[in-house]
Asks: 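Let me begin by handing over the structure; questions about it come next.
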Amino acid sequence: MVERPSSVVKELVENAIDAGSTEIVVELKAGGLQLIRVQDNGEGIEAEDVSLALQRYATSKIRRAEDLFNLHTLGFRGEALPSIASVSQLTLTTRVAHSLSGIKAVCEGGEIKTLAETGCPPGTEVEVRQLFYNVPVKRKFLKSIRSEIHHVLNHFLRLGLAYPNISFRLVHDRRVLHDLVKTESSLVRIEAILGREIYQHLQPIGWEAGEIKISGYASLPSMARANADGIYIYVNQRIIKDRIIHKAIVEAYRHVIPTGKFPVVILSLIVPPSAVDVNVHPTKAEVKFRDPDRVFQAVNGALRSIQEPSAAAADAPSKREDRALPQAETIPFFSSYGPPVPFRFARGRRDETVVPEVREAPPPGWNRERGVPIRIVGQVHGTFLVCEGDQALIFIDQHAAHERILFEKLKKQVEMRSFPVVRLLLPLLMEVTAEESFMLSSCLEEFFSIGFEIDPVGEKTFAIRSSPSGIDGEAAQEMIREILEDLKMVKREEKGTEALNTMLVTMACHGAIRANHPLRKEEMEELMNNLNPFHPSTTCPHGRPIFFSLTWDELSRQFRRKS
Ligand code: ADP
Ligand code: MG
């Protein structure tokens, strides 16, 4: 159970939180291997209970099996202190406020060596020295100090995010790594932990899906990180690792941030204890949901709602009761920094009905006065457009850009059920493989919504009765095969919306201008006009970037015109 320094830090800090502390200081030496000290100003331990607290299965926190998940305290098994004590030299000093003196217990390898009265401030201090001194194998397998610190920081920050009303300080080898001042506002804490840069890309989440309540913050597609460290999940206030929730989050950002990148999401789920299996093991930080699909849908819906406020709830029938909470019920996010800058790109005609509420801060150079055109400098390499914005030089991938435009257009057509379809006079017969047959049969409805009316007429033979206009005969068959190929990547539990999206991506990719394709001036202008972002996203539906910009500042720096 005590795996490494970070697990010790986590347990001790959780005990301090359980004790009602408002100030917690964590001090480490040599990545925690030499020393871990956690000091709090909580309620302390009564003198006569000290030796009990160091014994296995002793807990002052009431427990009843079916209540486990209801408990408001983080620990309840009475295992942490004794386990830590058994693999270290542990000193516990504690004083309850109403007592004049405190008590100090010194343990070695789990045995209490001395127990004596001492003078100390109210609260508790636990010092763990020489962790694993008696388990050399374990000590040997720990990685570098740097990697232990990485783990400690991870737990420390996760707890810090969940309890903004507690001050946390983390000191390593006398260097203050974090000094989190207590605050009423979770936003202030988020900014302190994640930094202002990330903070500015966050949007509040308020979502209700039946008895599941979701709140928190999530990054807009304008930002993505190289790893999933920025995903923080809490279920009923506990820090949880959960595959389903994680997947629902990542899935919600598919097609809007580059593939292989991750959003920043701080997500708190409140579920009734009945929604969770009783034999959960909270110290393992895992839960088992009775209805994982429901949780998936709820989390997915919540995150999509901030990207496309109107579309998410209308998506699946099972989510009909799901709704975004009114802004008033969530914390207004941008209030301290003024309203977000609208993303504006197009000139000329702009169809208001297809432009969803846009919340993204524009990339540099993208932001310009309405109506002032970005100047198209030209096309290079037959593949990229170079444009001049007011703050930057902008490079656009013509294929990716066109793909995004087509994808959004197709999606709208599906939503409006206005997909242009051509009925074939004679149905077209198509032979497929067994695997394709299985896939095709399970997605007939989705195919139908993009204009392909397909009926099975034999085990591996299908009749195509209609196709999207512009795609007929050979092309229709080819397109269906291509879609089936792409559908293989879609996991079974993500069928439905995801299958449909995949189809649209395939179609968009098919129809988009290729690379190495020279464009005339009017064609470039047309493309730029249409790039009026239907969707505040900066990638093509496959997740590749559409553009990148080089600010004048950066350019000037290259030429040493500026330092
Ligand atoms: P658990 O947290 O599961 O009850 P622990 O082994 O972590 O078990 O702690 C045992 C007991 O010691 C707790 O139930 C609590 O009564 C007491 N305790 C531990 N740490 C603190 C602390 N920082 N402040 C007050 N009491 C503490
Ligand atoms: Mg505990």
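As the structure lists them, so they are numbered: ligands from 1, and atoms in each ligand from 1. Note that the structure is a prediction, hence the values are computed from the model and not measured.
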Asks: Between Asn15, Ile17, Val13, which one has a non-hydrogen atom sitting closest to atom 21 (C) of ligand 1?
Replies: Asn15

Asks: Distance under 4.0 Å to a non-hydrogen atom of Ala19: what atoms of ligand 1 satisfy this?
Replies: 24 (N), 25 (C)

Asks: Which of the atoms in ligand 1, numbered in the order shown and given with their element, are less than 4.0 Å from a heavy-atom of Ile45?
Replies: 17 (C), 18 (N), 25 (C), 26 (N), 27 (C)

Asks: Identify the two heavy atoms, one from Glu23 and one from Asn41, that lie closest to each other, and give their separation to 0.1 Å.
Replies: N-OD1, 3.0 Å

Asks: Of all the atoms in ligand 1, which lie at a distance below 4.0 Å from a heavy atom belonging to Gly44?
Replies: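 Counting from 1, the qualifying ligand atoms are 25 (C).
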
Asks: Report yes if Ala53 has an N/O atom closer than 3.5 Å to an N/O atom of ligand 1; otherwise report no.
Replies: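 Between Ala53 and ligand 1 (N or O atoms, distance only) the closest approach is not under 3.5 Å.
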
Asks: By the definition salt bridge (Lys or Arg N to Asp or Glu O under 4.0 Å), identify the one residue from Lys29, Arg139, Arg4 that meets it with Glu148.
Replies: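 Testing each of Lys29, Arg139, Arg4 against Glu148, the sole residue satisfying salt bridge (Lys or Arg N to Asp or Glu O under 4.0 Å) is Arg4.
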
Asks: Indicate whether the side chain of Glu46 and that of His98 have a donor and an acceptor atom separated by less than 3.5 Å.
Replies: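 Distance-only check passes for Glu46 and His98.
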
Asks: Would you compute the distance between atom OG of Ser215 and atom CG of Leu267 and round it to the nearest 0.5 angstrom?
Replies: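 Nearest 0.5 Å value for the OG-CG distance: 7.5 Å.
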
Asks: Please state which part of Leu12 comes within less than 4.0 Å of ligand 1, counting heavy atoms only: side chain, backbone, both or neither.
Replies: neither

Asks: Using a strict 4.0 Å threshold on nitrogen-to-oxygen distance, state whether Glu127 and Arg129 make a salt bridge.
Replies: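 Salt bridge present between Glu127 and Arg129.
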
Asks: Using a 4.0 Å heavy-atom cut-off, which part of Leu81 comes near ligand 1: side chain, backbone, both, or neither?
Replies: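 It is both parts that get close, each with some atom under 4.0 Å.
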
Asks: Work out whether the distance between some heavy atom of Pro82 and some atom of ligand 1 is less than 4.0 Å.
Replies: yes

Asks: For the side chain of Ser99 and the backbone of Arg95, is there at least one donor-acceptor N/O pair under 3.5 Å apart?
Replies: no

Asks: Between Asp179 and Arg169, is there a salt bridge with N-O shorter than 4.0 Å?
Replies: yes

Asks: If I apply the N/O under 3.5 Å rule, does Asp40 come out as touching ligand 1?
Replies: yes

